[in-house]
Amino acid sequence: MEKMMEKKFPLDAKDYKLYEEVGEGVSASVYRALCVPFNEIVAIKVLDLEKCNNDLDGIRREVLTMSLIDHPNVLRAHCSFTTGHHLWVVMPYMAGGSCLHIIKSAHPDGFEEPVIATLLREVLNALVYLHGQGHIHRDVKAGNILIDTNGAVKLADFGVAACMFDTGDRQRSRNTFVGTPCWMAPEVMQQLHGYDFKADIWSLGITALELAHGHAPFSKYPPMKVLLMTLQNAPPGLDYERDKRFSKSFREIVAACLVKDPKKRPSSEKLLKHPFFKHARSYEYLSRTILDGLPPLGDRFRMLKAKEADFLVQNKSLYEDKEQLSQQEYIRGISAWNFNLEDLKNQAALIPDTDITNAEDQCMSPKQGAGLHDAFSPTERPSLDRPVPNSVGHMEDRLNDIHDLENSLAAFPMKPLRALKGCFDVCEDDSGAGSPCWKHAVQPEQFSQVQSSRKCKSQEVGRDDGESPGQSSSLTRSAIPGHKKLLSGSIMQDNVSSPKKVTGDGDREYMQPKYTSERNYSGPLQYRQKKDIINPTSGDDMSEGAVVQRKGRFKVTSADLSPRGPTNSFFGASSGGSTIPLSSSLTAVSILPSLQCILHQNSIQREEIMKLIKYVEQSGPTDFVEGGINDLLQVPPTTSREKELQSHVIQLQQSIGSLVEELQRQRLKNAQLEKKASALLKDEKT
Ligand SMILES: Nc1ncnc2c1ncn2[C@@H]1O[C@H](COP(=O)(O)OP(=O)(O)OP(=O)(O)O)[C@@H](O)[C@H]1O
């Protein structure tokens, strides 16, 4: 009844006036706006659907979740609709902006404890609600904690939320690698047993440190190091010496959240009862303490952007190096992670040993960490992260790091580097089309499918009036289309010689007018285990022959929430489960096509292995492959051709390994299926 009385926000862009930009994320820009019929200020998140070409599920999920939730601490969408190729999500305007914005503008060293207690209490209230409703937020961080002028706090950004009660295919969304690396719980990285709402508790602990120090732990390190450190080191925490200003109870809750074993982490409800929250104050206190005196959000946002642009100009040479550009994006807390394999390998060697030691020390017990240099703002000491190109042992270091990472992630059903290389093959099949993996960007019709499904579920979704935002609002025509955003999308290799290459990368023009990044920045990171392996049409794409050709970039996509075709539902096992058809009502006849597919796939792979072997043989003597390769890789390359060949060899080596393992896995599956098929046939006969 109450719901029926709710205001219905108009679903037409003409009814809104867009004012200044107040925020931007990986996939969207957020504007202050006026809802003309209600004369009410709102925030409108504008997503360019042409640039979110692989993340429609994520968008759909965010919009749906945002429209269904109902809690004072959770940001709820008023409505959403498409206009031209943009999706507009209309929501309450949170004039204080995000905690990250406030930190960056006025509290670079973090907030005082009562402020942190107040913020965390509100976020915990949101989490108690969300977890009770079966949602895992999966991206809790200061950038997603929004504050209103009166000090009210809301948790935002459901782009990567998942539902814990999902079953079957939908549950795979909980077996994905989602979030922002620094805030990501170890079990989310590990993917051993999936994860649950306790992943949010870990992120909350990291957020607590972020609010206390002004930045998240490990934020100065490249993603690969963050993975390593999160998995291998003792959890980060408050330091006895450096963090003397904080109370014991604050240290306790941080420690309670940052326990590696999720079972040992308290629930949000339990945490809320911790004495630490006795330090929490009122909204009015928050508003007075952290908002008073701040310029309007739009001005702050502009200033921060200008600061970044200045920094970029001042460090021009530094940012000619794309690694650093990526690193800077990442440091800024954007839910993005560059998944270029080569870059990751390079990044593994970015940090000098001394620096790693320090980082490790910081993660030791607080006492051990005492006396270390203060964590610094990354923008203050960027040179630390500079790569040392071609330094002696550089390649060796990279390989060692990769090796370490693989060991750390031994629990991955597939080794992470292979996962990076071959298993991020998620794409349009997310929308249920069952299409092959290296398919192109989503076409407008595909969005309309999403849209119509959204329409079925929610009346709040409006129509596509075919207008550009510029035509239908006060925003200038160039304001949105010209403002290229970074992509969210499937992890797909780019820069490939394959004709199926994915295109359409966005880049941050304002930051790098001259040094345009070629990267695909992802949306919140999502790792999906390899799937669709029996899809014969995708054989080409998955073949190592193809991989050898690809110098990969990866894009990241939203978790799959959509129903899958019959093939996938039979063989969801490719992502780690059983390969045996689940339904006992299945007949042998229904399995046969799938068996044939597997056989077909096997033969394709066999062929590819043969091709690879031939290729390697042609490239050099056999013992090069068998024994001498490591020696060879340790010789620093002198010419760029040598470098190219060296990386080619590494790729080949990895590809062969992957293929052999894949082949073995397929054989095993084949045998299991054959067994099952004959059992079923037998059953049928009797
Ligand atoms: N309702 C709002 N009122 C005021 N500012 C907002 C609002 N929603 C978002 N913002 C600002 O815009 C920024 C980006 O929004 P949002 O996080 O939703 O985008 P995103 O693309 O999902 O970002 P990411 O995934 O990188 O966190 C936020 O960090 C915040 O500063």
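Throughout, numbering of the chain's residues begins at 1 and tracks the sequence. Counting convention: from 1, in listed order, for ligands and their atoms alike.
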Q. Can you tell me if His213 and Asp109 form a side-chain donor-acceptor pair at under 3.5 Å?
A. no
Q. Which of the numbered atoms in ligand 1 are below 4.0 angstrom from a heavy atom of Lys141?
A. 27 (O)
(Q) At less than 4.0 angstrom from any non-hydrogen atom of His101, what atoms of ligand 1 do you find? (A) 31 (O)
Q.
Less than 4.0 Å is my threshold; does some heavy atom of Pro92 fall inside it relative to ligand 1?
A. yes
Q. So which of Gly298, Cys99, Gly143 gets nearest to atom 28 (C) of ligand 1, if we judge by its closest heavy atom?
A. Gly143
Q. For Leu75, is at least one N or O under 3.5 Å away from an N or O on ligand 1?
A. no
Q: List every atom of ligand 1 that sits less than 4.0 Å from any heavy atom of Met91, numbering the atoms from 1 in the order shown and giving each element.
A: 1 (N), 8 (N)
Q. Any luck finding a side-chain donor-acceptor pair between Tyr93 and Glu40 under 3.5 Å?
A. no
Q. With a cut-off of 4.0 Å, which atoms of ligand 1 are near a heavy atom of Asn144?
A. 17 (O), 27 (O)
Q: Go through ligand 1 atom by atom and flag the ones less than 4.0 Å from a non-hydrogen atom of Ala28.
A: 21 (O)
Q) Below 6.0 angstrom between ring centroids: does that apply to Phe9 and Phe38? A) yes
Q: Give a yes or no answer on whether the side chain of Lys141 reaches the backbone of Thr207 with a donor-acceptor pair at less than 3.5 Å.
A: no
Q. Quick one: which of Glu21, Met94, Glu24, Arg300 has a heavy atom closest to atom 14 (C) of ligand 1?
A. Glu24
(Q) Measuring from atom CG of Leu100 to atom CG of Leu304, what distance do you get when rounded to the nearest 0.5 angstrom? (A) 8.5 Å
Q. Under 3.5 Å, side chain of Asn73 to main-chain N/O of Val153, donor-acceptor pair present?
A. yes
Q.
Looking at ligand 1, is there an atom of it that comes within less than 4.0 Å of some heavy atom belonging to Lys154?
A. no
Q | Whether Phe81 and Tyr16 hold their rings parallel, tilted or perpendicular, with breakpoints at 30° and 60° | A | parallel
Q.
Counting only nitrogen or oxygen atoms and a 3.5 angstrom limit, does Leu297 reach ligand 1?
A. no
Q. Below 4.5 Å, heavy atoms only, C-beta onward: do Met91 and Val30 meet side chain to side chain?
A. yes
Q.
Looking at Arg302 and Glu21, is any side-chain nitrogen of the basic one under 4.0 Å from a carboxylate oxygen of the acidic one?
A. no
Q) Is any N or O atom of Lys45, backbone or side chain, closer than 3.5 Å to an N or O atom of ligand 1? A) yes
Q) Which of the atoms in ligand 1, numbered in the order shown and given with their element, are less than 4.0 Å from a heavy-atom of Ala43? A) 1 (N), 2 (C), 3 (N)
